[in-house]
Q: 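Below you will find the structure I want to go over with you.
All chains are named by letter (A, B, ...) in the order of the sequence lines, taking the proteins before the strands, and each is independently numbered beginning at 1.
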Number of protein chains: 2
Amino acid sequence: MAAKYLTIAREIKKRIISQRYPASSPLPDQFALAAEFQTSRMTIQQAIRQLIVEGLIYTRQGQGTFVRKNFLQLSQWDLPGSDYFGATKTWEHLGTVSSQVVRFDLRFPNEKEQSSLLINADAPVYDFVRLRLLNGEPMSLDATVMPVNLVPGLNKGHLESSVFQYVETLGLKIMGSYRVVRAIKPGELEQQHLICEAGDPVLEVEQVIYLEDGTPLEYAHCHYRYDHGGIVIVNNG
Amino acid sequence: MAAKYLTIAREIKKRIISQRYPASSPLPDQFALAAEFQTSRMTIQQAIRQLIVEGLIYTRQGQGTFVRKNFLQLSQWDLPGSDYFGATKTWEHLGTVSSQVVRFDLRFPNEKEQSSLLINADAPVYDFVRLRLLNGEPMSLDATVMPVNLVPGLNKGHLESSVFQYVETLGLKIMGSYRVVRAIKPGELEQQHLICEAGDPVLEVEQVIYLEDGTPLEYAHCHYRYDHGGIVIVNNG
DNA sequence: GAGTGGTCTAGACCACAGC
DNA sequence: CTGTGGTCTAGACCACTCG
């Protein structure tokens, strides 16, 4: 049985999407909603808070609760998990995504990797490079470093399917990411695997992915072909 | 007088930063905190929820409340407003930022602009191009479209200083943004103003900035030199 | 079973906006 | 002044984890 406030939030969401609550006027006030759903006002407020963080509605003290004018636009992009992971997710609806392992090594981290992953110089890391293909066409080349102690037993098979699926089976949960996006000139590896000219720009994403408790899970450089879409960033205040 | 739960949240934050609550063990439980702060447990939970959304702590049912291992790292980057606006803010600490107006026109929107700004074909828009300079060096070239009815009275002087400062004086508040980041080859305008070669990649940010109620305020294409840093993206679950 | 966070109630008073 | 959302109380029971 889901929490009552989540059930109510879903019901209100349905009504907004079906335009039962017109975007032009405020929602019924919290007292009315509490009466209708046979619950207390606090519970209604929890449901409303839920919809606020989802970007669906906003409140104005002294005025009421309103539907965001752009929630439908945003909801097209703000899919849960759509850019949590290797950003591959963004393309899955466009065709078949596959991976090809270019390198899979074990070594010790350099200084940059130590500080990014919050580990010591003697903590071994996996170092692997994968080529991501969409319908067989090269899409991105990712170089990843992960601490061995967090993900014991990682093998080439996991790299070819989904590393994050394996990570989940270990009971680890992703919390978020820190990324820097740049445009760069392609190096030799990129020209070779992404099949691009020296004059073709490359989109570089340098990222650290964190677990729920803030432990860094991976530090990676992802290089994307310039002609295969971009990175979507949604930022709600 | 600030709300009690915010006062408590600030106090707990202080204790975490000063290491009074060691990162190795859980915080005091909610009942103990309620007793210490002479308040109800609900209020403590509000304070805790506040610190969760700030990315400082996390909770585990049946276990306790814990400090995130990376909150200090993230707090270096997750500065409020650091990438809300034209991303110029990111560089302000590096030197003097100035703007040079390349174009400032009035016209009707095309189809893409109509759908991005949620306006009709007969709603006039400003169309301006600005070159952003850091310490006199070209940094980015931004092409912006804004509905006239939202920002009446915009003039060249505002473009040279800060459009967002003017927007704020009109009582409008920014809610968030929707962006797509790509790597592209420079066009003629970019090569001319950003002083780059045809083979130099350019970082393109296509963005829509929204007001509090979801009304689109601006639709812009921002082009950055590849050798002047990147876009930082922080993503908490 | 004991201890933790998660949810919920039925009220109360305060702060803000609009008439 | 009225109506709205914002905060707060003092309890209650439930769900989960661990010894």
Side-chain angles (χ1 to χ4, degrees), chain A residues 1-12 16 21-68 170-173 175 211-213 237, chain B residues 1-12 16 21-68 171-173 175 211-214 237:
Chain A
M1 175 58 181
K4 187 184 284 189
Y5 79 95
L6 290 176
T7 307
I8 295 174
R10 272 197 296 271
E11 172 59 25
I12 293 176
I16 291 172
Y21 291 150
S24 52
S25 59
L27 266 58
D29 68 74
Q30 298 176 349
F31 301 94
L33 289 172
E36 181 198 336
F37 288 103
Q38 291 283 302
T39 187
S40 72
R41 200 175 143 228
M42 279 295 301
T43 303
I44 293 297
Q45 286 179 312
Q46 270 183 297
I48 286 177
R49 190 167 47 236
Q50 178 64 27
L51 296 176
I52 289 173
V53 304
E54 289 181 23
L56 210 67
I57 60 180
Y58 64 101
T59 57
R60 281 280 158 279
Q61 190 165 185
Q63 297 179 57
T65 303
F66 306 86
V67 178
R68 279 199 195 280
L170 295 175
L172 303 177
K173 283 173 187 171
M175 184 268 286
L211 300 178
E212 276 187 311
D213 66 353
Chain B
M1 175 57 180
K4 186 183 285 190
Y5 79 95
L6 290 175
T7 307
I8 294 173
R10 272 198 295 273
E11 173 59 23
I12 294 176
I16 291 172
Y21 290 151
S24 52
S25 60
L27 266 58
D29 68 75
Q30 298 176 349
F31 301 94
L33 289 171
E36 182 198 335
F37 288 105
Q38 292 283 302
T39 186
S40 71
R41 197 172 145 231
M42 279 295 303
T43 303
I44 294 296
Q45 286 180 313
Q46 269 184 297
I48 286 176
R49 191 168 45 237
Q50 177 65 27
L51 295 177
I52 288 174
V53 305
E54 289 181 24
L56 209 66
I57 62 180
Y58 64 101
T59 57
R60 280 279 156 282
Q61 190 165 180
Q63 296 179 56
T65 302
F66 305 85
V67 178
R68 278 198 194 282
L172 303 177
K173 284 172 188 172
M175 184 268 285
L211 300 178
E212 275 187 310
D213 65 353

Q: Kindly state each residue pair satisfying salt bridge (charged side-chain N to carboxylate O under 4.0 Å, His left out) with at least one member in residues 26-36 of chain A, sequence neighbours excluded.
A: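 Found A:R15-A:E36.
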
Q: One pair to check against side-chain hydrogen bond (donor to acceptor under 3.5 Å, both in side chains): A:Q46 and A:Q50. What are the steps and the verdict?
A: CA-CA 6 Å; A:Q46 270 183 297; A:Q50 178 64 27; over 6 Å; no

Q: Of all residues at least two apart in sequence or in a different chain, which pass the side-chain contact (heavy atoms from CB on, under 4.5 Å) check with A:A35?
A: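 Applying side-chain contact (heavy atoms from CB on, under 4.5 Å) to A:A35 gives none.
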
Q: Rounded to the nearest 0.5 Å, how far apart are CG of B:L51 and CD1 of B:I57?
A: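 The CG atom of B:L51 sits 4.5 Å away from the CD1 atom of B:I57.
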
Q: Which of residues 35-43 of chain A have a heavy atom under 4.0 Å from DNA chain D?
A: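 Of all residues in residues 35-43 of chain A, the ones placing a heavy atom under 4.0 Å from DNA chain D are A:R41, A:M42.
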
Q: Could you pull out all residues at least two apart from A:Q61 that satisfy side-chain contact (heavy atoms from CB on, under 4.5 Å)?
A: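 For A:Q61 there are no side-chain contact (heavy atoms from CB on, under 4.5 Å) partners, ignoring immediate neighbours.
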
Q: Which residues pass the side chain to side chain donor-acceptor pair (under 3.5 Å) test with A:Q30, sequence neighbours left out?
A: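 Only A:R41, A:Q45 meet the side chain to side chain donor-acceptor pair (under 3.5 Å) criterion with A:Q30.
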
Q: Give the rounded distance in Å between these two atoms: CG of B:L51 and P of C:dG5.
A: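 Computing the B:L51:CG to C:dG5:P distance gives 14 Å.
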
Q: Hey, where on DNA chain D does chain A first and last touch, going 5' to 3'? Cut-off is any atom under 4.0 Å from a heavy atom.
A: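 First-to-last contact on DNA chain D, by the 4.0 Å heavy-atom rule, is D:dG3 to D:dC8.
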
Q: Quick check: on DNA chain C, is the nucleotide nearest B:I48 upstream (toward 5') of the one nearest A:K4, or the reverse? Name the residue that is more 5'.
A: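 The answer here is B:I48.
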
Q: Who pairs with A:R60 by side-chain contact (heavy atoms from CB on, under 4.5 Å), at least two apart in sequence or on another chain?
A: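 By the side-chain contact (heavy atoms from CB on, under 4.5 Å) rule, A:R60 matches A:Y58, A:Q63, A:F66, B:E212.
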
Q: Which ring-ring contact (aromatic ring centres under 6.0 Å, His included) pairs, counting each pair once, include a residue from residues 21-51 of chain A, with sequence neighbours left out?
A: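 Residue pairs with at least one partner in residues 21-51 of chain A: there are none.
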
Q: Applying side-chain contact (heavy atoms from CB on, under 4.5 Å), can you list everything that pairs with B:T43, at least two apart in sequence or on another chain?
A: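 Per chain and number, B:T43 pairs via side-chain contact (heavy atoms from CB on, under 4.5 Å) with B:K4, B:Y5, B:I8, B:T39, B:S40.
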
Q: Hey, can you pull the residues of residues 56-63 of chain A with a non-hydrogen atom under 4.0 angstrom from DNA chain C?
A: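 Contacts with DNA chain C under 4.0 Å: A:Q61, A:G62, A:Q63.
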
Q: Please examine the side chains of B:I12 and B:L27, heavy atoms only from C-beta on, and report whether any two atoms are closer than 4.5 Å.
A: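 Of all side-chain heavy-atom pairs linking B:I12 with B:L27, at least one is under 4.5 Å.
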
